[in-house]
Amino acid sequence: DFEQVWQDIIAAATPRLPEGAVDIWLKTCVPLEIEDGFLSLDVANDFIKVQIQDRFMKILEETMVDLGYGTGLRLSVGDGENRKEQERAEKTVRPQSSSNISGLNPNYLFSSFVVGKSNRLAHAASLAVAENPGAAYNPLFIWGGVGLGKTHLMHAIGHHALQNNRNLKVSYVSSEKFTNELITSIKNNRTSEFRNRYRTMDLLLIDDIQFLAGKESTQEEFFHTFNSLHNDKKQIVLSSDRPPKDIKSIEDRLVSRFEWGLVTDIQSPDYETRIAILTKKAEFRNYSIPYEVVIYLAQNVPSNIRELEGALNRVIACAELNSEPITVDNASEWLKDIVRNTSRGPVSVDLIQQIVAEECSFSVEDLISSKRTSEIALARQIAMYVCRKHTESSLQQIGLAFNKKDHTTVLHAQKKIEQMLDNNQRVKNIVDNVEKKL
Ligand code: ADP
Ligand code: MG
């Protein structure tokens, strides 16, 4: 069948392809069908399509002919979309030999990154930037919740770019480290060294840029670093836990620069991706975990990949320490304090208010106040919508909980958010996050 054909082609072509090509570029292709001697492959985006076409197509097609499987390949973007996403998520790859460049974690490679629906665009954009620093998207801005793979991708970009060009000057820093180095340099009268170093990078990766909020002199310095690098067509990659516009207390001129290149987000991994990640992480540790335990973990630790990894590590450690087998019962015992108790009582309006307030960085007081700034009003409407969806409370009860005498306000909020969910990614995000925390 065509799946096997593709596997065979990859296997036979590997010795002729550049090192890493299979893991990084080819394993995320999804074979769709064979027709008239052509094997159709679905690829994640145009960038990857062009790369494969230019760099590997000839060898792949020759191999295909040699094996007697047909005459050629056809690449298409997005045909496989949903139905193939799961398969893509399952295709992962093993880290290559660990290069130990300072500042970069040797485990965070493209080849150890599982690609799924939730991160495929961020992954593709990162690859594009790693292949052509300064040319593809500048800056690349990756945002998403904690533990979803932003840092992993940034390191992967650094490794990959260095692999292509050993002489590239690459630096990965957290924005805290950037701040601290700046402060030290000011204290020691060494600001020109600090500037020199950062402004002569070819690829600068700054993680968790939201921590620059409120730090005016660091922002000022970073502004100049940014301009200098950008002018020279040097690549800048930034990450944050939220989109540029939502980072409070950051100067507008920085926010607008963050949006010059490409802003892309990483979502929480869907169920299939969680399964794929668990399977690969277990495999990587040479551990075989019963499939029902993998499912148990994927179902019960839905929040982020770091926690998922933590849960897996805990299960393996407990099994070893207690010399007990890994079963669903044991796993649920060992993970008692991590796994959410699903038999908890019904969701309350109070709880929803708390969670929405937290998610939108307001206080509950703001949320139930009569303040009307558009951001608070939106958060309030989201909270009302979630209350309608997840509690049994009446319109009047919900209205009262928000100090609204007129219950049509609640109805209006519900309708408005329902409409926005279809076309407003940000609102959808907030609602998703709130529902996850419920
Ligand atoms: P963030 O920076 O977004 O908080 P990290 O990049 O630190 O998240 O990721 C948390 C952990 O999860 C790391 O150990 C990382 O290797 C792992 N991880 C995240 N995304 C993936 C992925 N898609 N495939 C494999 N491991 C992942
Ligand atoms: Mg991080």
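Numbering of ligands and ligand atoms starts at 1, following listing order.
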Considering only heavy atoms of [X], which atoms of ligand 1 have at least one such atom less than 4.0 Å away?
{"X": "K281", "value": "16 (O), 17 (C), 25 (C), 26 (N), 27 (C)"}
{"X": "G145", "value": "3 (O)"}
{"X": "V146", "value": "4 (O)"}
{"X": "E309", "value": "11 (C), 12 (O), 13 (C), 14 (O), 17 (C)"}
{"X": "S112", "value": "24 (N), 25 (C)"}

Suppose we measure from [atom] to each protein heavy atom; which comes out shortest, and what is that distance?
{"atom": "atom 7 (O) of ligand 1", "value": "R306 NH2, 2.8 Å"}
{"atom": "atom 23 (N) of ligand 1", "value": "V114 O, 2.8 Å"}
{"atom": "atom 16 (O) of ligand 1", "value": "H152 ND1, 2.7 Å"}

Quiz item: Which pairs with one or both residues in residues 127-148 pass side chain to side chain donor-acceptor pair (under 3.5 Å), sequence neighbours excluded?
Solution: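 Side chain to side chain donor-acceptor pair (under 3.5 Å) check on residues 127-148 returns R55-E131, E131-H160, E131-N164, N138-Q235.
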Quiz item: Does K177 make a cation-pi contact with Y198, if we ask for NZ or CZ under 6.0 Å from the ring centre and within 45° of the axis?
Solution: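 Judged by the rule, K177 and Y198 form no cation-pi pair.
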Quiz item: Does NZ or CZ of R253 lie under 6.0 Å from the centre of the six-membered ring of F223, at an angle within 45° of the ring axis?
Solution: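 Yes, cation above the ring, under 6.0 Å and within 45°.
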Quiz item: Any Lys/Arg nitrogen of K336 or E333 sitting under 4.0 Å from an Asp/Glu carboxylate oxygen of the other?
Solution: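 Between E333 and K336 there is a salt bridge, with a charged N closer than 4.0 Å to a carboxylate O.
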Exercise. Taking only Lys NZ, Arg NE, NH1 and NH2, and the carboxylate oxygens of Asp or Glu, determine whether R199 and E221 approach each other closer than 4.0 Å.
Key: yes
Practice problem: Check whether any side-chain N or O of N304 sits under 3.5 Å from a backbone N or O of R306 as a donor-acceptor pair, and report yes or no. | Solution: yes
Quiz item: Are the side chain of N165 and the backbone of N167 linked by a donor-acceptor contact shorter than 3.5 Å?
Solution: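 Yes; judged by distance alone, with no hydrogens or angles, the pair exists.
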Quiz item: Should the ring pair H123 and F113 be called parallel, tilted or perpendicular, given that the plane angle runs from 0 to 90° and is split at 30 and 60?
Solution: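 Taking F113 first and then H123, their aromatic rings lie parallel (interplane angle under 30°).
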Quiz item: So with a 6.0 Å cut-off around CD of E259, is the heavy-atom count from everything else above 12?
Solution: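 Yes, CD of E259 has more than 12 neighbouring heavy atoms, counting only those of other groups under 6.0 Å.
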Practice problem: Evaluate whether atom CG of D252 has more than 12 neighbouring non-hydrogen atoms of other residues, nucleotides or ligands under 6.0 angstrom away. | Solution: no
Quiz item: For atom 12 (O) of ligand 1, which of N105, L109, I305 has the closest heavy atom?
Solution: I305
Quiz item: Can you check whether G149 has an N/O within less than 3.5 Å of an N/O in ligand 1?
Solution: yes
Quiz item: What are the protein N/O/S atoms, named by residue and atom, that sit under 2.8 Å from the Mg ion (ligand 2)?
Solution: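 Correct list: T151 OG1.
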Exercise. Answer with yes or no whether G147 contacts ligand 1, where contact means a heavy atom under 4.0 Å from a ligand atom.
Key: yes
Exercise. Of the side chain and backbone of N119, name the one, both, or neither that has a heavy atom under 4.0 Å from an atom of ligand 1.
Key: side chain
Exercise. For Y385 and K416, run side-chain contact (heavy atoms from CB on, under 4.5 Å): C-alpha distance rounded to whole Å, both residues' side-chain angles, the deciding distance at 0.1 Å, then the answer.
Key: CA-CA 9 Å; Y385 162 83; K416 181 166 165 210; over 6 Å; no
